[in-house]
Amino acid sequence: MQVMYFAWVRERIGLPMEEVETQASTVQDLVAELVAREARYEMAFADTSALRVALDQELADFDAPLDGVREVAFFPPMTGG
Amino acid sequence: MQVMYFAWVRERIGLPMEEVETQASTVQDLVAELVAREARYEMAFADTSALRVALDQELADFDAPLDGVREVAFFPPMTGG
Amino acid sequence: MIRVQAMPFDPGGELNTFTASVAGAGAVMSFTGLVRDVSGGLSEMEIEHYPGMTEKALGAIRADAMGRWDLADAMIIHRFGALAANEVIMMVATASRHRKDAFEAADFLMDYLKSRAPFWKKEVTKDGADWVAAKDSDEDALTRW
Amino acid sequence: MIRVQAMPFDPGGELNTFTASVAGAGAVMSFTGLVRDVSGGLSEMEIEHYPGMTEKALGAIRADAMGRWDLADAMIIHRFGALAANEVIMMVATASRHRKDAFEAADFLMDYLKSRAPFWKKEVTKDGADWVAAKDSDEDALTRW
């Protein structure tokens, strides 16, 4: 599964994307796996209420299932326009 | 006093402006004088609720006084924009 | 800036000039009105106006908008004379630090232009000519402000 | 039309091209957003985006607007990369037979662009760099529609 990070999430984790081998069934489970890895993930995901997630480029919730998902992206609330 | 007509009021009366010698004290009195002149004025002023009046280039009411007014204009509701 | 003219003008060029003049504003709105051939047989649209009063009315409407909203500037350009289908009749532009101000002010300018600026439109087709009637809804729109 | 690009673009030229493409529409609105130097010391504004998702999100927002209002067309152009103060960030344009539809749709597009299109802004000054925080009011604005 490809996991992408944008804006300050990308900066805290220190990379824009990575391949992640995971059996996580929901976004929240994936976040828990990442947080368990290293402090920089823990820092980036400290407050998931301040984060948004997209599954295969569509906005989703943190309790959404990951079945069949190829691309997960984490980022702060968007500031377009 | 200069009296001006615009749009279909101008067309019905057949001229864009004219000098009018009048002692009329209000717009309504002036209209009555004009209507008494000829059928084309009567036709133009048949329904003053469908008309607007400006005194010295400011919108006004038909019962407004004419003291000191140099320019009176009659026209249908505006359709700008 | 207020302009009343018979000559065509370039909305894109006007938008760029206006935008360049309001450095720091952040939000620029524009509205362009074009001649619609509603009947499908329009030869031309004639726009009559009241020289002198038109400029005063537009100036007053613009000043009113500048007072009501936090605007860097507001612009109105309105043509008169004979126009063909799809020609640009008029343009309004507003600039503000805040999008909401720019939006509302442009909406306000359009509402007031419609019922308070001395312009009259006549549609000329091969079957004759008709003055465009004002809509009650145009007058009612002013109560919003 | 949706465009996401690093290159600057000409809002006036885009407005004219858009207007020419919607013959018969009568009402054309545009909104242009420019980089504001709020702190007075902006070196640049960096706009990050999510290639692929951005185009999808803008396309979905545009389609939503086309479905909700009577529009001849709607256009969104949004830049990414490093921008200087007063550079054009983005532009929205809508065209309709009815002014109200053009106005509301442009307002809607802006609201959705702000909170649903994957762009993130970072302000770089001599003192450092800060990500622009989303406002609760931006999210709240979506409940209007």
Side-chain angles (χ1 to χ4, degrees), chain A residues 1-20 22 26-28 30-31 34 39-81, chain D residues 2 4 31-36 45-61 76-80 83 88-92 106-124 128-142:
Chain A
M1 173 181 296
Q2 179 156 264
V3 182
M4 307 176 78
Y5 311 108
F6 291 95
W8 57 255
V9 182
R10 171 179 56 70
E11 291 180 337
R12 287 191 193 174
I13 293 178
L15 77 180
M17 64 176 77
E18 59 186 322
E19 276 294 320
V20 174
T22 179
T26 67
V27 174
Q28 199 55 72
L30 173 62
V31 169
L34 293 169
R40 59 197 169 104
Y41 289 95
E42 202 179 334
M43 204 170 73
F45 289 106
D47 176 13
T48 54
S49 76
L51 292 182
R52 301 288 178 267
V53 63
L55 302 182
D56 290 333
Q57 307 189 349
E58 298 275 354
L59 283 173
D61 294 318
F62 278 78
D63 56 7
L66 292 177
D67 316 303
V69 169
R70 287 159 304 170
E71 187 174 303
V72 179
F74 295 102
F75 41 78
M78 295 158 275
T79 54
Chain D
I2 298 293
V4 182
F31 178 87
T32 313
L34 301 109
V35 177
R36 281 183 66 207
M45 174 172 276
E46 284 179 22
I47 302 178
E48 182 169 333
H49 80 121
Y50 182 171
M53 178 169 168
T54 308
E55 291 78 1
K56 277 189 199 173
L58 297 188
I61 293 166
I76 305 172
I77 305 174
H78 205 301
R79 288 183 64 191
F80 60 88
L83 281 73
V88 175
I89 303 173
M90 50 72 63
M91 180 175 184
V92 154
D107 206 10
F108 169 91
L109 287 174
M110 286 300 309
D111 274 350
Y112 271 81
L113 254 170
K114 261 208 175 322
S115 317
R116 289 291 181 270
F119 290 100
W120 301 274
K121 295 194 185 103
K122 187 184 199 173
E123 291 175 335
V124 183
D130 271 311
W131 290 98
V132 174
K135 296 194 191 87
D136 287 342
S137 57
D138 291 339
E139 187 68 32
D140 295 345
L142 302 188

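Lettering of chains follows the sequences in order, A, B, ..., and the numbering in each one begins at 1. Just so we're clear, the structure is a prediction, and the values are computed from it rather than from any experiment.
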If you count heavy-atom pairs within less than 4.5 Å of chain D, which of Gln57(A), Glu58(A), Arg52(A) leads?
Gln57(A)
What part of Lys114(D) gets closer than 4.5 Å to chain A, counting heavy atoms only: side chain, backbone, both or neither?
both
With chain A as the partner, which of Phe31(D), Tyr50(D), Phe119(D) has the greatest number of non-hydrogen pairs under 4.5 Å?
Tyr50(D)
Phe74(A) and its ring pair (Phe, Tyr, Trp, His ring centres under 6.0 Å) partner, picked from Tyr41(A), Phe45(A), Trp8(A), Phe6(A)
Phe45(A)
Checking side-chain contact (heavy atoms from CB on, under 4.5 Å) for the pair Asp56(A)/Lys56(D): CA distance, chi angles, key distance, verdict?
CA-CA 11 Å; Asp56(A) 290 333; Lys56(D) 277 189 199 173; 5.8 Å; no
So does Pro76(A) get a backbone contact from the side chain of Trp120(D), meaning a donor-acceptor N/O pair under 3.5 Å?
yes
With only heavy atoms counted, which part of Ala7(A) is less than 4.5 Å from chain D, the side chain, the backbone, both or neither?
both
Check whether any side-chain N or O of Lys121(D) sits under 3.5 Å from a backbone N or O of Gly81(A) as a donor-acceptor pair, and report yes or no.
yes
If you compare all heavy atoms of Ile2(D) against all heavy atoms of Leu58(D), which two are closest, and at what distance to 0.1 Å?
CD1-O, 3.5 Å
Bottom line for Ala60(D): the part with an atom under 4.5 Å from chain A's heavy atoms is neither
Heavy-atom pairs under 4.5 Å with chain A: which of Arg116(D), Met90(D), Met53(D), His78(D) has the most?
Met53(D)
